[in-house]
S.K.: 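Before anything else, here's the structure in question.
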Amino acid sequence: MKELIRKVDEKLDEYMQITYPEDIFKAMKYTLMLPGKRLRPIMCLETARVLGADIELAFPAACALEMLHVQSLIHDDLPCMDNDDFRRGKPSNHKVFGEANAVLAGDALLTFAPQLIIEKSKGLSSEQIVRLLHEYTKFAGAYGLIAGQVVDIESEGGKLVKSPSETLDFIHINKTAVLFRLAVRMGAIIANASDEIIEKFDNFAKKFGLAFQIYDDIMDEISTFEELGKTVGKDKNSGKLTYVSLYGLDVAKNRFRVLIKECYAIIEEYDSSILKEILDKLNGRIGSI
Ligand code: GRG
């Protein structure tokens, strides 16, 4: 997996050239190139590979996913949203470049990502590229990521239109699982997989995304700044609706374990040491607490 992460980093650096006006490209590249886990690009590449595609075809989509993810992190850290001064162990984008440039850097990443898919996806058919762009726009917008963020903000302000558990599931599915779903769906489309296979991987990503967010909620309670690279304890201190605040630590851990077990079962039939390694890592961390 380390080698794949290195290759993703290399491609991100290659695709994101700094040109005039340099300030915006520097702001975009700052958070993008900080060391993240690169889970979404890795999942896209690995899904494409296990379903029979040459992974070289998947690098533009994989890097586009990381750009979309980084855009969401930059905007999430803004004072008008989660107001966090640190990301990936370093000062957040707006702390370094100012709020206006951080907003614009996010916007620029959001729009550069599909441009990259169109310009660099050599070897994919026009139909595949249109399908990738359709998935991207659907999952990034008000039917996905933005919907999750809006309901998260509303729930923090005490506005709950649905029950707490339905609200929490909606937030987790749309804020977190959505980009893992997009990752595997894009990988499967690149491999020209059938709708049935796409749905199978989608189901894996939904469960993985929920487990990942439960993990994130647990870590916010018990981890350290050094380990996470961002402020910890914020959810608890702000009275935020999380899996832990709603159900308690033990129920959260149990739900996490069930979801991860279901993830292993879905990918069992595929020869993917990387997807299994991702599950092992997440599982191992919760297993030890
Ligand atoms: C799409 C226009 C548009 C706006 C985005 C701000 C926003 C709307 C959404 C927020 C989404 C968000 C920040 C979700 C949190 C998901 C999460 C658990 C992130 C951490 O992911 P990791 O641990 O991070 O994979 P690294 O740094 O390793 O990549």
Side-chain angles (χ1 to χ4, degrees), residues 1 5 8-9 12 28 30-44 62-84 86-94 99 102-114 135-156 168 170-183 205 208-221 223 225 227-232 234-235 240-244 256 278 281-282 285-286:
M1 191 149 107
I5 293 175
V8 168
D9 286 345
L12 286 171
M28 290 159 80
Y30 168 73
T31 311
L32 187 65
M33 298 314 293
L34 289 176
K37 293 181 282 300
R38 310 298 188 214
L39 282 176
R40 296 146 192 88
I42 301 286
M43 277 200 184
C44 174
C63 290
L65 273 160
E66 186 67 13
M67 289 175 190
L68 171 59
H69 168 57
V70 167
Q71 174 272 332
S72 75
L73 301 180
I74 294 174
H75 282 186
D76 194 52
D77 291 337
L78 288 168
C80 63
M81 301 244 183
D82 222 21
N83 193 17
D84 214 313
F86 292 95
R87 177 63 69 177
R88 294 179 164 174
K90 296 279 181 219
S92 332
N93 202 283
H94 65 276
E99 277 184 49
V103 170
L104 292 168
D107 292 346
L109 283 165
L110 185 70
T111 46
F112 182 60
E135 297 281 330
Y136 178 96
T137 47
K138 208 168 49 179
F139 283 88
Y143 295 96
L145 202 48
I146 292 179
Q149 181 75 345
V150 168
V151 176
D152 193 20
I153 292 170
E154 281 181 356
S155 74
E156 265 189 76
L168 190 61
F170 185 90
I171 295 169
H172 284 182
I173 287 285
N174 286 285
K175 262 189 84 170
T176 306
V178 77
L179 291 193
F180 296 114
R181 291 181 64 202
L182 182 58
F208 177 83
L210 277 176
F212 189 79
Q213 188 56 57
I214 294 172
Y215 170 87
D216 202 65
D217 289 352
I218 295 173
M219 286 300 136
D220 186 73
E221 292 257 338
S223 195
F225 175 84
E227 194 178 4
L228 294 189
K230 61 176 186 174
T231 317
V232 291
K234 273 191 84 183
D235 296 349
K240 196 173 166 157
L241 182 62
T242 72
Y243 221 87
V244 179
F256 169 87
I278 291 172
K281 279 205 171 128
L282 211 56
R285 185 68 187 85
I286 292 288

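Heads up: numbering here begins at 1 and tracks the sequence. For clarity, every value in this text was computed on a predicted model and none was experimentally measured. We count ligands from 1, going down the list as the structure has it; atoms in each ligand are counted the same way.
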S.K.: Would you call Ile74 and Leu109 a side-chain contact if the rule is heavy atoms closer than 4.5 Å?
M.R.: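 Result yes, sub-4.5 Å side-chain heavy-atom pair found.
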S.K.: Side chain, backbone, both or neither: which applies to Arg88 and ligand 1 if a contact is any heavy-atom pair less than 4.0 Å apart?
M.R.: side chain
S.K.: Relative to the heavy atoms of Ala140, which atoms of ligand 1 are at a distance of less than 4.0 Å?
M.R.: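 Heavy-atom distances to Ala140 below 4.0 Å select 1 (C).
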S.K.: Give the residue, atom name and distance (to 0.1 Å) of the protein heavy atom nearest atom 22 (P) of ligand 1.
M.R.: Lys37 NZ, 3.5 Å
S.K.: Looking only at N/O atoms, are His75 and ligand 1 under 3.5 Å apart anywhere?
M.R.: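 No.
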S.K.: Indicate yes or no: at least one non-hydrogen side-chain atom of His75 is less than 4.5 angstrom from one of Leu78.
M.R.: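 Contact flag for His75/Leu78 side chains = yes.
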S.K.: Show the atoms of ligand 1 that are less than 4.0 angstrom away from any heavy atom in Ile146.
M.R.: 1 (C), 2 (C), 3 (C), 4 (C)
S.K.: Report yes if the side chains of Leu68 and Leu110 come closer than 4.5 Å at any heavy-atom pair, otherwise no.
M.R.: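 They are in side-chain contact.
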S.K.: Answer with side chain, backbone, both or neither: which part of Lys175 has a heavy atom less than 4.0 angstrom from an atom of ligand 1?
M.R.: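 Both the backbone and the side chain of Lys175 come within reach of ligand 1.
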S.K.: What class does the angle between the rings of Phe180 and Phe208 fall in, given that below 30° is parallel, 30 to 60° is tilted and above 60° is perpendicular?
M.R.: perpendicular
S.K.: Using a 4.0 Å cut-off to any heavy atom of Gln213, which atoms of ligand 1 qualify?
M.R.: 18 (C)
S.K.: Nearest 0.5 Å, please: how far is CE in Met43 from CZ in Arg40?
M.R.: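 Here the interatomic distance stands at 8.5 Å.
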S.K.: Is any side-chain heavy atom of Tyr243 closer than 4.5 Å to one of Leu210?
M.R.: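 The answer is no; the side chains never approach within 4.5 Å.
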S.K.: As an exercise, identify every atom of ligand 1 less than 4.0 angstrom from a heavy atom of Phe212.
M.R.: 18 (C), 21 (O), 22 (P), 23 (O), 25 (O)
S.K.: What protein heavy atom sits nearest atom 10 (C) of ligand 1, and how far away is it?
M.R.: Gln149 OE1, 3.3 Å
S.K.: Answer yes or no: does an N/O atom from His69 fall short of 3.5 Å to an N/O atom of ligand 1?
M.R.: yes
S.K.: For residues Asp76 and Asp84, determine if any side-chain heavy atom of one lies less than 4.5 Å from a side-chain heavy atom of the other.
M.R.: no
S.K.: Quick one: which ligand 1 atoms are inside 4.0 Å of a heavy atom on Thr176?
M.R.: 16 (C)
S.K.: Can you tell me which portion of Arg87 lies within the under-4.0 Å heavy-atom range of ligand 1? Options are side chain, backbone, both, or neither.
M.R.: neither
S.K.: Pick one of side chain, backbone, both or neither for how Arg40 approaches ligand 1, counting any non-hydrogen atom pair under 4.0 Å.
M.R.: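 It is the side chain that gets close, since no backbone atom is under 4.0 Å.
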S.K.: Would you call Thr242 and Asp220 a side-chain contact if the rule is heavy atoms closer than 4.5 Å?
M.R.: no
S.K.: Quick test: of every protein heavy atom, which one is nearest to atom 4 (C) of ligand 1, and how far off is it to 0.1 Å?
M.R.: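 Protein heavy atom at minimum distance: Gln71 NE2, 3.3 Å.
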S.K.: Pick one of side chain, backbone, both or neither for how Leu110 approaches ligand 1, counting any non-hydrogen atom pair under 4.0 Å.
M.R.: side chain
S.K.: Taking the side chain as everything from C-beta on, heavy atoms only, tell me whether Arg87 gets closer than 4.5 Å to Asn93.
M.R.: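 The answer is no; the side chains never approach within 4.5 Å.
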S.K.: Should Lys175 and Gln213 count as side-chain neighbours, where that means a heavy-atom distance under 4.5 Å?
M.R.: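 They are not in side-chain contact.
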